[in-house]
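Before any comments, here is the structure.
Just so it is clear, the model here is predicted, and its values are computed rather than measured.
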Amino acid sequence: METLTNRTSWVDDWERMLDNSSSIMQREPLPDSETILSLPPDGGPDFNRLIHETSPYLLQHARNPIDWFPWGDEAKARAKAEDKAIFLSVGYSSCHWCHVMERESFENEEIAEILNREFVCIKVDREERPDVDDLYMTVTQLVTGQGGWPNSLWLLPDGRAWYAGTYYPPEDRGGHLGFKTLALRLADTWRTHRKEVEAHAAKLADAIRENAAGKQTQQGAPQLAYLLNSALTTWQRTYDRRHGGFGKAPKFPPHSALELILHQSDGQSDRTLQRIATGTLDAMALGGIHDHIGGGFHRYSTDEKWLVPHFEKMLYDNAQLAHVYTEAFHATGWPVYREVACRTLDWILRDMTGPEGAFYSAIDADSQGVEGQFYLWSPREIIEALGTESGELFCNYYQIHPTGNFFDEASGLPGGLNIPHLTTWPTDKIAEQLLHGRQVLLELRNTRAWPAVDDKRLTSWNGLAISAFARAGKVFEIPRYIEAASRAATFLLSSSMPNGELMRVWRAGKARVPAFLEDYGALADALITLFEADQHSAWIDKAEELARQMIERFVNPTSGLFLPTSESHENLLTRMPNYFDQSFPSSTSLAIRTLAQLANHGRDTVFEEAARRGINAVLPLAARYAANCAALLLAGTLLGPDEQSPQINIETRAATPNPDGDGKARVDVKVTLPTGWHLQSDEAGRLFTATVTGDFHLDHVTNESLFLRLRPTFVGLVAAANIQITVSVCNETICLPPKRFSQEVKFRIAAD
């Protein structure tokens with residue numbers, strides 16, 4: 001370890017870091033609820049309209065000089081009445097770059113004056129309104145080829161977008177357009193080129209609808225096994241054998257992929273798949289993305305080594321990671337995975353649990369305006385806290401060096417501060433000493449200025465956490481985890497269901513925003529997992545009730561697709577099916593998983609029917625990017641084989657007793673199907689495809705016959721054609737995966 005002599009105290013390290021930060025956001029406390037109720041609708045002279053919201057993210061912006069509106073009809077009506085475009089900003093409370101843009105632009109009086117004069121400004125919490133977020137993030141990705149938050153868009157008064165981007169610096173910088181310049185240019189474009197703006201908005205709207213419809217890779221439903229193989233092949237190809245994970249930086253925890261890989265590796269003698277999962281789990285647990293002092297994981301790693309994270313900590317990440325580490329322990333028996341899962345769950349119980357038992361949403365990346373400040377350490381601070389011998393041991397194992405391993409993302413400058421991480425797992429004796437050191441440092445860390453906690457309770461995120469606690473409680477035989485899951489579930493089923501209707505958000509004593517498909521799916525699945533842990537039938541009975549509502553509200557009756565919003569939700573541009581995993585499992589996968597689990601527990605057959613119809617409808621859309629649909633594929637495997645598949649009989653018959661003088665022969669093909677089923681033709685109108693090997697090659701095909709030609713090298717009296725025929729069959733509601741049949745046809749060769 002590097003020498004610590006002639007180093008300044010750790011207090012000096014902190015002061016230097018604070019001095020180097022561009023700006024410190026000191027948020028004044030908001031007034032009490034009675035004072036807020038007495039304010040006018042526009043917030044009065046000290047606030048804007050967001051002061052009347054409950055979202056912590058929106059309340060962060062309540063003192064901005066911008067005349068923010070929350071999402072709703074009032075803002076659109078104002079834009080229409082004043083003939084103004086809408087500026088829409090979408091973000092979330094723990095987003096570092098959202099805070100940066102607020103400090104630089106939204107608190108800037110000059111920029112605020114431009115926005116207030118030229119536009120109607122709307123601020124949206126993406127976590128409260130995933131439907132709004134999904135729609136406008138799709139716009140930004142179509143316009144710019146990438147996405148991220150804060151998401152910045154300009155809309156027509158009716159909500160159709162015509163310009164989009166993400167973070168902008170306040171002034172022109174390094175060849176990049178500044179936000180002030182952009183706002184002035186777009187205001188001028190709105191006034192002087194209105195027809196072009198409206199035409200562009202119409203084209204973008206058409207592109208969004210086309211994107212929502214999706215693209216199929218083939219006619220009918222592709223075979224689930226084929227998509228599983230495609231996804232596994234992609235992960236094997238992109239696996240980082242040196243650092244774990246997939247691809248290059250930045251690296252996000254691939255929760256769903258890891259769970260599916262572990263599931264698929266179960267029972268296989270070849271441990272290749274399991275090594276991909278465990279290699280990634282090991283790398284994340286050793287790395288700086290793992291909070292070694294307090295437990296839990298940060299959002300993602302900015303580098304390929306899992307060392308330098310973006311420091312926000314999200315409930316959904318930690319719930320999913322606790323679950324996958326639990327499954328990894330169940331698969332391998334390695335105690336490190338149990339320790340990581342338990343430390344993550346204990347962090348949720350300690351720092352992310354409300355007094356009623358439900359779980360908070362997130363902890364901010366920043367404290368006092370500096371990202372990561374809460375989590376970084378100098379060697380001097382650790383040695384002063386632990387003593388020389390224990391402190392140096394701790395610094396040695398957790399890679400705490402005088403030069404520091406943390407570099408500011410914006411400036412690239414080192415600060416002499418460190419992110420604790422391991423390069424190898426310590427021995428049992430050393431592990432005990434490190435445990436004591438972590439406990440002391442956690443107490444010390446808790447005396448620092450805390451990052452903000454987003455204390456809203458989101459139904460779907462809580463569903464993931466309930467599942468993680470219930471599953472870990474069962475696997476590890478820890479009753480308090482099952483009790484925590486039960487307490488949170490009890491709260492959601494009471495406080496988040498006023499008048500019997502499930503809501504998405506609970507905060508400050510209020511349940512609001514009608515629940516989306518992901519909320520129904522995640523909560524119902526959690527209740528089933530809780531039933532499996534404690535065998536109380538009330539949980540699965542309630543899951544069945546939610547599942548019936550889910551089918552009624554979110555299934556397209558024509559296609560069988562699950563849609564993320566219901567008819568009772570706001571009518572946005574389109575209802576886009578959601579089947580790709582992002583930071584959260586796709587809402588379609590949560591729905592199908594729930595229905596599959598109910599079917600596996602012997603509940604009403606309607607659940608299996610809806611699940612099979614739904615997955616047959618969505619697999620053609622998912623087939624192009626199977627590796628992005630891990631949760632959907634896992635849900636499909638839980639359904640098992642379809643016992644209702646029709647019996648298909650294929651008969652091949654030599655139509656001529658022997659080849660003619662040119663070696664030509666014909667084989668007739670007859671396909672017999674049960675009543676109600678038919679052959680599905682491809683784009684060329686062919687009812688089946690065929691390949692031929694052996695003594696013949698295939699000349700051409702019709703819908704009744706195969707025309708063969710004897711290979712010129714053949715010598716003998718009997719020639720064999722080995723024929724493989726592939727068909728796809730459909731009924732009125734579904735098309736089954738393609739099925740292949742192999743048969744042999746023989747011909748006698750006439751003697752000369």
Side-chain angles (χ1 to χ4, degrees), residues 10-11 13-18 20-21 24-25 93-97 99-100 250-253 284-303 305-315 317-318 321 340 343-344 346-348 350-352 360 362-386 391 394-395 397-411 413-422 434-435 437-454:
W10 65 268
V11 175
D13 293 326
W14 279 119
E15 289 177 348
R16 184 177 67 256
M17 184 171 183
L18 293 176
N20 288 340
S21 66
I24 304 300
M25 183 182 296
S93 68
S94 55
C95 166
H96 169 68
W97 286 103
H99 299 331
V100 173
K251 284 184 176 176
F252 292 79
M284 291 192 299
L286 290 166
I289 191 175
H290 183 199
D291 180 1
H292 290 269
I293 304 301
F297 288 81
H298 300 293
R299 177 69 194 96
Y300 68 93
S301 176
T302 62
D303 67 320
K305 300 178 182 179
W306 304 101
L307 172 60
V308 182
H310 261 311
F311 288 90
E312 59 261 41
K313 296 173 80 174
M314 316 300 293
L315 177 62
D317 276 325
N318 285 280
L321 286 169
V340 173
R343 291 188 65 221
T344 300
D346 290 342
W347 166 74
I348 294 175
R350 185 184 69 240
D351 293 345
M352 295 286 284
Y360 301 150
I363 295 182
D364 209 326
D366 299 10
S367 53
Q368 294 184 303
V370 180
E371 186 187 14
Q373 174 178 298
F374 187 70
Y375 301 100
L376 300 174
W377 300 85
S378 71
R380 179 68 65 186
E381 181 181 17
I382 290 174
I383 288 174
E384 288 180 1
L386 302 182
F394 194 94
C395 289
Y397 268 90
Y398 281 103
Q399 309 301 304
I400 309 297
H401 302 297
T403 54
N405 59 36
F406 175 72
F407 293 79
D408 180 73
E409 183 181 8
S411 67
L413 297 175
L417 298 173
N418 295 266
I419 305 165
H421 66 286
L422 295 166
L434 297 178
L435 171 61
R438 292 199 306 267
Q439 292 170 338
V440 172
L441 295 180
L442 178 61
E443 292 181 8
L444 177 60
R445 194 176 79 177
N446 285 338
T447 65
R448 297 174 176 174
W450 264 68
V453 176
D454 188 325

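Looking only at side-chain heavy atoms (C-beta outward), Ile293 and Tyr375 stay at 4.5 Å or farther from each other. Side-chain contact between Phe297 and Lys313 is absent, with no heavy atoms from C-beta onward closer than 4.5 Å. Contact annotation: the side chain of Tyr360 never approaches that of Leu315 to less than 4.5 Å [non-hydrogen atoms, C-beta and beyond].
Take Phe394 and apply the ring pair (Phe, Tyr, Trp, His ring centres under 6.0 Å) test, not counting sequence neighbours, and it matches Tyr398. Evaluation of the side-chain contact (heavy atoms from CB on, under 4.5 Å) rule for Arg299 yields Phe252, Pro253, Glu312, Met314, Tyr316, Asp317, Ser583 as partners, not counting sequence neighbours.
Checked against the 6.0 Å centroid threshold, Phe311 and Tyr300 do not count as a close aromatic pair.
Without hydrogens or angle criteria, Asp454 side chain to Ala362 main chain gives no donor-acceptor distance under 3.5 Å. Not a single donor-acceptor pair under 3.5 Å links the side chain of Ser94 to the backbone N or O of Ala365. Side chain of His99 to backbone of Asp364: no donor-acceptor contact under 3.5 angstrom is found. With hydrogens and angles ignored, the 3.5 Å screen pairs a side-chain donor or acceptor of His290 with a backbone N or O of Ala285.
A donor-acceptor contact under 3.5 angstrom links the side chains of Asp366 and His96, judged on distance only.
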Could you walk me through whether Leu376 and Ile419 satisfy the side-chain contact (heavy atoms from CB on, under 4.5 Å) test, starting with their C-alpha distance in whole Å, then the side-chain angles of each, then the deciding distance to 0.1 Å, before giving a yes or no?
CA-CA 5 Å; Leu376 300 174; Ile419 305 165; 3.5 Å; yes
Going through the checks in order, is the side-chain contact (heavy atoms from CB on, under 4.5 Å) test met by His421 and Ile289?
CA-CA 8 Å; His421 66 286; Ile289 191 175; over 6 Å; no
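Atom CG in Asn418 sits 7.5 Å away from atom SG in Cys395 (nearest 0.5 Å). Separation of atoms CD (Glu384) and CG (Leu386) is listed at 10.5 Å; rounding is to 0.5 Å.
Residues Asp291 and Arg438 are not paired through a salt bridge, judged by the lack of any N-O separation under 4.0 Å between the basic side chain and the carboxylate.
Judged by the 6.0 Å and 45° rule, Arg448 forms a cation-pi pair with Trp377.
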